[in-house]
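All values below come from the heavy atoms of this structure, side chains included, with hydrogens, waters and symmetry mates left out. Lettering of chains follows the sequences in order, A, B, ..., and the numbering in each one begins at 1.
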Protein chains: 2
Amino acid sequence: MSDCEACVVRNRAICSALLPDELAILSKLGRKQHVSRGQTLVWEGDEALVVANVISGVLKLSVSTADGREQIVGVVFPSDFIGRPFGKESSYSVTALTDAHVCIFTRAAFDGFAKEHPDLQHKLLQRTLDELDRARQWMMLLGRKTASERVATLLLEISNRMGSTSCTQILPFLDEFELPLDRQQMGDVLGLTIETVSRQLTKLKEANMISLPDRRSVVIKDRHRLQDLALAA
Amino acid sequence: MSDCEACVVRNRAICSALLPDELAILSKLGRKQHVSRGQTLVWEGDEALVVANVISGVLKLSVSTADGREQIVGVVFPSDFIGRPFGKESSYSVTALTDAHVCIFTRAAFDGFAKEHPDLQHKLLQRTLDELDRARQWMMLLGRKTASERVATLLLEISNRMGSTSCTQILPFLDEFELPLDRQQMGDVLGLTIETVSRQLTKLKEANMISLPDRRSVVIKDRHRLQDLALAA
DNA sequence: TGCCGATTTTGATCTGCGTCAAATGAATCG
DNA sequence: CGATTCATTTGACGCAGATCAAAATCGGCA
């Protein structure tokens, strides 16, 4: 793999737990790979043979039923970690929502390296704990929030996640951003249909909380009111 | 704390990662505590000051909205780990569903010990990854499954979890068991109302997939059909 | 610039589950 | 052992969001 020291996510990915010489060893185990929008990196139910760091782009983690219903169970951004180290088949598919670059490892190679590097495992544990907290917050959304609360929550969540990984790095969130998801995918994250998502967006627009310059863009015009709605107060 | 070597969950809890002399040190940091049914160990939003292992009993992890809606985001059984090590406030409450015994540590003491014991952190990482997989499967349930599919899934899940922690230890699941949840709590796990849960149970009973000897007992009479329903095929 | 296919929005209608209310059953206690 | 209380079930009805259908809008490309 090319130079890790120059990697744009060097300081945010789990690699930040490593010293330069350790990083050099790890870099030999992985390789940089391009993933095109729509391409699936890991299939639900397959043995998880690879893990990866996201360098650029956005990917979804999704679960499907036999009859074709889909639920997106996670969205990963640059510097996030993908995959299931230490055994087990993957319980979800990983698919690129935008063109992406990932830094990919075979699970066997990564596991072996991780065993020898407690600091890396510590970083991974913290990340996994954070991810679990996020998943649980989302369970509240899916189990108990109304459609408008769900859509408001998603917009704020994306605003926050995109902000913290934006090039500027300074803003905690962005008031204007491009959605990495289309309407169908927003429905799949929120447990709603495409029509309901569309209707709720129109309502938020009419209530002057947001505007929608084009189908992929969102401008948050009244963050405060959007937050009140999202919190389900 | 009393003798860890004799602990009933010694071989299943994260402590199994430790050697006898390490265990002796850890045991000095914690203490055994009784928690009565209904008692809350950790409050949502509070700084997470304790972590614990469950020795006996069942506890729920729950999230609430300002206006009183509740979602149960996890149910923990004997040998499971509770809490959020390494900083952060707790994003959920922990409350006993039955009388319970836990082996409790201050977070500071546990964090310090864990830092020195990579094997413990490794165990904790695996457990957290498993928990995350379970949470994501539950997101599919909450986002996309119908009421009857949800109830079927819950019954099978409890059957499995209770089986693997039962005294016999041999069975992968139990066909007869006591529910640790009442109807309201089942609704709170499933994102349904108490009435819907009750109606679906009646339907499953009428379809001869289960029987309900009393309000807390369930007998699975046709696991195969129940599984088909749960899988949403 | 104007056409074509895909995405999104909007409209009309339906339905699964929620809400409200009452009846039944099971546990506790004097 | 009957009275009280709480949990659960059952019934009637309403509504948020799903479904089905059509119109509008956007993006790409010749």
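The pair B:Glu149-B:Arg144 fails the salt-bridge criterion, with no side-chain N (NZ, NE, NH1 or NH2) lying under 4.0 Å from an Asp/Glu carboxylate O. For the pair A:Asp133 and B:Lys88, the salt-bridge criterion is not met [side-chain N within less than 4.0 Å of a carboxylate O]. Between A:Arg127 and A:Asp80 there is a salt bridge, with a side-chain nitrogen of the basic residue lying less than 4.0 Å from a carboxylate oxygen of the acidic one.
The side chain of A:Arg215 lies closest to D:dT25 when the candidates are D:dT25, D:dT10, C:dC17. Side-chain atoms of B:Ser198 lie closest to D:dT10 of the nucleotides C:dT8, D:dT10, D:dC20. Out of C:dT8, C:dG18, C:dT10, the shortest distance to the side chain of A:Arg183 is found at C:dT8.
Using a 4.0 Å heavy-atom distance criterion, B:Leu201 is classed as making no nucleic acid contact. Contact annotation for A:Gly191: backbone-only contact, meaning every heavy-atom pair under 4.0 Å involves sugar-phosphate atoms and none involves a base. Residue B:Asp214 is classed as having no contact, given no heavy-atom separation below 4.0 Å to the nucleic acid.
Side-chain N/O atoms of A:Thr193 include none lying less than 4.0 angstrom from OP1 or OP2 on D:dT19. Taking 4.0 angstrom as the limit, A:Thr196 places none of its side-chain polar atoms (N or O) nearer than this to OP1 or OP2 of D:dG17.
Separating the CG atom of B:Asp188 from the P atom of C:dC17 is a distance of 17 Å, rounded to the nearest angstrom. The nearest whole Å value for the distance from the CG atom in A:Leu181 to the P atom in C:dT7 is 14 Å. We find that CG of B:Leu179 is positioned 15 Å from P of D:dA7, with the value rounded to whole Å. Rounded to a whole Å, the CZ atom of B:Arg216 is 10 Å from the P atom of D:dA7.
In the model, A:Arg150 has no side-chain atom that pairs as donor or acceptor with a side-chain atom of A:Thr196 under 3.5 Å. B:Asp188 and B:Gln184 share a donor-acceptor pair across their side chains, judged by distance under 3.5 Å alone.
Nucleotides of DNA chain C nearest to B:Ser148 and A:Ile194 differ in position, and the one nearer the 5' end is that of A:Ile194.
In terms of polar N and O atoms assigned as donor or acceptor, the side chain of B:Arg199 comes within less than 3.5 Å of the base of D:dG11 in a complementary pairing. Below the 3.5 angstrom threshold, one finds a donor paired with an acceptor across the side chain of A:Glu195 and the base of D:dC20.
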